[in-house]
Amino acid sequence: MHHLTLAELNEGLRARRFSSVELAKHFLARIERLNPTLNALITVTPEYALSAAQRADELLASGEAGALAGLPLIHKDIFCTDGVLTTCGSRMLSNFVAPYDATIVEKLSQSGVVMLGKANMDEFAMGSSNETSYYGPVKNPWDLKKVPGGSSGGSAASVAARLAPVATATDTGGSIRQPAALTGLTGLKPTYGRVSRYGMIAFASSLDQAGTMTITAKDAAMVLRDMAGFDPRDSTSVDTPVPDYVASLDQPLAGLKIGLLKEFFESGLEESTAKLIREALQVYERLGAKLIEVSLPNLPLSVPTYYVVAPAECSSNLSRFDGVRFGYRCENPQGLEDLYMRSRGEGFGAEVKRRIMTGTYVLSAGYYDAYYLRAQKVRRLITDDFARAFQQVDVLMGPTSPTPAFDIGAKVDDPITMYLNDIYTIGANLAGLPAMSIPCGTVDGLPVGLQIIGPHFAEAKLLNVAHGYQNETLWHRDIPKGYA
């Protein structure tokens with residue numbers, strides 16, 4: 001059953017070829033057998049899953065089931081789950097049991113989704129390789145010596161190894177698309193505000209966005225249809241209608257105008273990866289699309305801009321973790337100041353401390369105008385570049401990551417080199433645009449991703465464009481050796 005996509009599993013459930021309980025047991029058995037090697041999940045919830053699966057089977061039998069009823073899913077451990085450990089991959093929250101559900105957890109539960117567990121992640125979503133987690137690094141099922149990307153590496157490894165057909169994830173600077181590229185998946189980051197952030201533990205509030213890791217674009221469309229929507233509990237949620245993303249998947253691509261991002265092909269891109277991107281673009285040309293070179297002159301400034309804005313926001317958001325109200329508390333504090341200092345010093349890992357310190361610096365008196373304010377102005381220029389580009393083209397395309405997956409430990413001691421893994425993905429976050437990555441080939445047995453970026457609230461078009469490519473290719477069907 002793990003060979004099947006979410007859409008195929010949904011069809012099988014409704015045709016009574018298997019039950020939701022059978023499905024849950026099958027995937028829980030795979031998790032029990034494979035997770036000790038991959039370290040993809042922090043928490044497994046078999047009792048919760050089997051209870052939810054039983055309810056789903058009853059609803060399916062009565063004809064009252066939701067669109068996703070009975071389908072198994074793994075949540076990234078950044079989403080609050082009522083009564084279940086929610087750690088954010090950090091010692092700071094290693095004992096935190098959330099008292100409520102995040103909105104997307106709530107919405108998907110109402111659709112009948114069966115949660116199998118919570119996925120490992122870079123600590124507080126800060127990382128590009130899933131090596132900063134307090135619970136240890138996640139391994140890439142395509143090669144256990146390689147990283148799966150980050151911060152949503154646990155979600156990516158889970159779906160790539162078919163521990164579940166879908167996982168939720170978050171994307172602050174590429175944390176859905178980059179791991180999707182490195183593990184051969186379809187990763188979708190919706191428009192900022194399209195999916196509620198309520199109950200998603202914040203890293204950088206103006207950048208964070210919830211999305212999905214799936215096998216196909218059709219699967220992503222099915223899940224986004226039930227995840228998206230206005231939420232009055234989230235002040236950044238946008239009140240705009242949610243279309244039926246599945247209904248528009250099969251629209252023809254003839255006449256589609258694709259913008260090739262000139263800056264993505266200029267430097268840093270491995271030639272073997274560039275070759276696969278060009279071959280993918282040729283598929284679109286055969287489908288009737290037109291390729292147009294587009295330049296975004298301020299896009300090369302996206303990495304330095306991001307690494308001012310994101311740490312500034314993280315410094316503010318993480319100030320609440322102080323050892324007093326919830327989470328990790330140091331032993332035998334010698335007064336309030338000692339409690340704060342040791343709880344935070346012991347509870348946060350090195351990368352989180354680095355970003356908090358950077359963010360505090362750029363927000364401090366005398367440096368705010370020189371760094372943070374200037375970064376926000378550059379962010380506006382990048383956003384305007386994208387807006388001008390979309391006056392000429394329907395979507396933008398290019399690589400998701402400059403290289404395939406790299407070795408575990410290869411960049412952990414060099415933060416700047418690690419940050420450059422997000423060089424192609426950060427721009428969409430700064431501009432709040434929807435973007436996705438789809439597999440388009442392999443280099444030395446490791447997946448490569450094609451990135452597709454669209455204008456605000458153009459998720460239906462992105463999914464249609466990705467679906468058209470996947471109808472012509474089989475890269476999304478590849479399963480890592482040993483996991484079939």
Side-chain angles (χ1 to χ4, degrees), residues 1-12 30 71 140-143 146 148-149 155-167 176-188 212-223 245-246 248-254 256 258 270 272-289 291 395 397-401 403-405 436-452 461-484:
M1 288 186 282
H2 57 275
H3 289 272
L4 302 177
T5 67
L6 193 74
E8 291 164 348
L9 289 171
N10 190 43
E11 183 184 335
R30 282 184 69 80
L71 295 169
N140 190 327
W142 290 87
D143 183 341
K146 306 289 185 183
S155 296
S158 295
V159 179
R162 303 305 192 261
L163 306 186
V166 58
I176 290 175
R177 290 160 288 152
Q178 186 250 18
L182 270 51
T183 56
L185 298 177
T186 299
L188 172 65
T212 59
M213 298 277 200
T214 57
I215 298 168
T216 69
K218 184 175 183 180
D219 294 351
M222 290 173 60
V223 181
Y245 297 111
V246 178
S248 58
L249 284 174
D250 290 311
Q251 291 180 358
L253 299 183
L256 178 75
I258 297 174
E270 284 192 356
S272 54
T273 298
K275 179 175 180 291
L276 291 175
I277 300 299
R278 294 188 192 101
E279 289 174 357
L281 293 170
Q282 289 172 2
V283 172
Y284 282 108
E285 284 187 301
R286 290 200 299 271
L287 291 171
L291 306 184
V395 296
M397 288 192 187
T400 307
S401 175
T403 68
M436 62 190 301
S437 179
I438 57 175
C440 65
T442 58
V443 173
D444 298 327
L446 295 171
V448 169
L450 171 71
Q451 185 175 194
I452 313 169
K461 174 54 69 177
L462 292 189
L463 290 162
N464 162 236
V465 170
H467 181 68
Y469 178 80
Q470 291 179 343
N471 280 340
E472 300 293 317
T473 61
L474 293 173
W475 298 115
H476 58 287
R477 285 287 189 175
D478 285 356
I479 300 177
K481 191 177 294 184
Y483 295 88

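The model shown is predicted, which means the values in this text are computed figures rather than measured ones.
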Verify, without hydrogens or angle tests, whether [X] (side chain) and [Y] (backbone) share a donor-acceptor contact under 3.5 angstrom.
X	Y	result
Asn464	Gln251	yes
Gln178	Gly149	no
His467	Asp250	no

Quiz item: Do Arg30 and His2 get their side chains close enough for a donor-acceptor pair, meaning under 3.5 Å?
Solution: yes
Exercise. For the residue pair Gln470 and Thr186, confirm or rule out a side-chain donor-acceptor distance under 3.5 Å.
Key: yes
Quiz item: Between Glu8 and Arg477, is there a side-chain N and carboxylate O pair less than 4.0 Å apart?
Solution: yes
Does the side chain of [Y] come within less than 4.5 Å of [X]'s, by heavy atoms?
X	Y	result
Arg177	Gln451	yes
Tyr284	Ile452	yes
Glu270	Pro404	yes
Tyr469	Cys440	yes
Pro141	Arg162	no
Tyr483	Leu163	no
Thr214	Val159	no

Exercise. Given side chain to side chain contact (heavy atoms under 4.5 Å, CB included), test Asp219 with Val166 step by step and report yes or no.
Key: CA-CA 8 Å; Asp219 294 351; Val166 58; over 6 Å; no
Do you know which two heavy atoms are closest between [X] and [Y], and how far apart they sit?
X	Y	value
Ala217	Ala466	CB-CB, 3.8 Å
Met213	Pro179	CE-CG, 3.6 Å
Ala289	Ile258	CB-CD1, 3.7 Å
Leu185	Ala156	CD1-O, 3.3 Å

So how far is it from [X] [atom1] to [Y] [atom2], rounded to the nearest 0.5 Å?
X	Y	atom1	atom2	value
Thr273	Leu450	OG1	CG	11.5 Å
Leu6	Thr212	CG	OG1	10.0 Å
Glu285	Arg278	CD	CZ	12.5 Å
Trp142	Lys481	CH2	NZ	10.0 Å
Thr183	Leu446	OG1	CG	11.0 Å
Leu4	Asn10	CG	CG	11.5 Å

Exercise. Please report the C-alpha distance between Val246 and Leu249 in whole Å, then the side-chain angles of each, then the deciding distance to 0.1 Å, and finally whether the side chain to side chain contact (heavy atoms under 4.5 Å, CB included) criterion is met.
Key: CA-CA 5 Å; Val246 178; Leu249 284 174; 4.2 Å; yes
Exercise. Apply side chain to side chain contact (heavy atoms under 4.5 Å, CB included) to Leu281 and Ile277, showing your working.
Key: CA-CA 6 Å; Leu281 293 170; Ile277 300 299; 4.3 Å; yes
Quiz prompt | Pair Thr5-Lys218, side chain to side chain contact (heavy atoms under 4.5 Å, CB included): steps then yes or no | solution = CA-CA 9 Å; Thr5 67; Lys218 184 175 183 180; over 6 Å; no
Quiz prompt | side-chain contact (heavy atoms from CB on, under 4.5 Å) partner of Ser437, chosen from Thr400, Leu188, Leu182 | solution =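 Testing each of Thr400, Leu188, Leu182 against Ser437, the sole residue satisfying side-chain contact (heavy atoms from CB on, under 4.5 Å) is Thr400.
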